[in-house]
Protein chains: 2
Amino acid sequence: MELLDIGDVSERSGTSPSALRYYEKRGLIEAISRKGLRRQYEPSILPRLALIRLCQAAGFTLEETAEMLPDEPRFTLDRDKITARADDIDAQIEDLEKLSKLLRHIAKCTAPSHAECPNFQAVLNSLPHKKVPR
Amino acid sequence: MELLDIGDVSERSGTSPSALRYYEKRGLIEAISRKGLRRQYEPSILPRLALIRLCQAAGFTLEETAEMLPDEPRFTLDRDKITARADDIDAQIEDLEKLSKLLRHIAKCTAPSHAECPNFQAVLNSLPHKKVPR
DNA sequence: CTGCCACTTGAAGTCAGATTGAGGTCAACA
DNA sequence: TGTTGACCTCAATCTGACTTCAAGTGGCAG
């Protein structure tokens, strides 16, 4: 059987070994065996990690992700949660579009002070209370 | 003179007193005087706080924001930084659009496993390494 | 004058998602 | 056989933006 050493998994998934151990502690993944002390994984760990990355990118916490990812290789994510999250993301896209427009406006607005620019005022009040991640 | 007590500022800006003190410690704002121990602010603190909120929403850290906000009431943000951030945000919007589409696909895709769905594979690889804030 | 109560302080705590450090193990290569 | 280097464990630390805590202060209503 072609098991993957944690080093391979780390390299091929872009997830650091410490993160993999951390995920294991949080119940997201599992090593199928050890070679000496080293964790050995089934190749299916790779798509599983991809799915974890997806969930993270979508804003699920690791805990939520752990709940959503069943143990079997055939992961079936919760469709309602997924759809709800897609809706959230769409809403956030709208906020970000406003924000981008406002920023570009500020970059070229020559009003004596932004505080006096009606455009600025208007958008500020409809600002998202979310952050843009870095 | 119409100075604002920290309590007024807190209420009118939606920023908690502890956050205002925190901003002061981080060099973003300043009280113009005290009444007893209580901080008193100039009314211009309000648009300044609005601008801080904007910077935060745009993903600047408080430190970056402090650097960008000059001391004068007439704040002129750094136009290049602002534009660069707008570009970042636009890029992120694109990522989020992909993500949303992928999520909606997953919610209705009936492939035996997402790992086997070519659509899934394709989008995963172009995934942002950023998070969606909650 | 008394008491209330929102403020004051500095230090410590919170959260998520890891990373880092110290001290230890072990498979593989020369 | 010895060395290397990546892994191991567990606990502690980090980041950012605050909040909470305990103990203290003081303006103002009664």
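Judged as a salt bridge (Lys or Arg N to Asp or Glu O under 4.0 Å), and not counting sequence neighbours, D8(A) has no contacts. Scored by the salt bridge (Lys or Arg N to Asp or Glu O under 4.0 Å) test, R38(B) finds D5(B) as partners (sequence neighbours excluded). Applying the side-chain contact (heavy atoms from CB on, under 4.5 Å) rule to S10(A) yields the partners P17(A), L20(A); only residues at least two apart in sequence or on another chain are considered.
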For this session: Take nucleotides 20-30 of chain D nucleotide by nucleotide from the 5' end and write B, S or -, depending on whether a protein heavy atom sits under 4.0 Å from the base, only from the sugar-phosphate, or from neither.
Result: B----S-SS--
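Taking atom CG of residue L20(A) and atom P of nucleotide dA6(D), one finds them 16 Å apart after rounding to whole Å. Atom CD of E63(A) and atom C1' of dA16(C) are 11 Å apart (whole Å). In this structure, F60(B) places its CZ atom 13 Å from P of dA17(D), rounding to the nearest Å. Per the geometry, CG belonging to L62(A) stands 15 Å off P belonging to dC15(C), to the nearest Å. Between Y41(B) atom OH and dT8(C) atom C1' the separation is 12 Å, expressed in whole Å. The distance from atom CD1 of I29(A) to atom C1' of dA18(C) is 13 Å, rounded to the nearest whole Å. Nucleotide dC7(D) holds its P atom 6 Å from the CG atom of D5(A), rounded to whole Å.
OP1 or OP2 of dA18(C) lies within a sub-4.0 Å distance of a side-chain N or O belonging to Q56(A). Residue R39(A) has no polar side-chain atom (N or O) positioned under 4.0 Å from OP1 or OP2 of dT25(C). Contact annotation: Q40(B) does not reach the phosphate of dC7(C) (side-chain N/O to OP1 or OP2, under 4.0 Å). In this model, the phosphate group of dA18(C) is not approached by any side-chain N or O of S16(A) to a distance below 4.0 Å at OP1 or OP2.
Electrostatic pairing of D87(B) and R104(A) counts as a salt bridge here, judged by a charged N lying under 4.0 Å from a carboxylate O.
In this structure, Q40(A) and K35(A) approach most closely via the heavy-atom pair NE2-CB, 3.5 Å. Nearest heavy atoms, L96(A) versus I89(B): O-CG2, 3.6 Å. Contact detail for Y23(A) and Q56(A): the closest heavy-atom pair is OH-OE1, 3.1 Å.
Environment of CD in E63(A): sparse, with no more than 12 heavy atoms of neighbouring residues, nucleotides or ligands closer than 6.0 Å.
The side chain of Y23(B) lies closest to dC18(D), out of dC18(D), dG17(C), dC7(C). Closest approach to the Y22(B) side chain among dC18(D), dC7(C), dG17(C) is made by dC18(D) (side chain taken as heavy atoms from C-beta onward).
For residues 9-29 of chain A, the salt bridge (Lys or Arg N to Asp or Glu O under 4.0 Å) pairs, not counting sequence neighbours, are E24(A)-R39(A).
Residues K25(B) and I6(B) each lie close to DNA chain C; by heavy-atom proximity, the contact nearer the 5' end of the strand is made by I6(B).
Rounded to 10 degrees, the angle between the two end axes of the helix from dC1(C)-dG30(D) to dA30(C)-dT1(D) is 10°, with five pairs used at each end.
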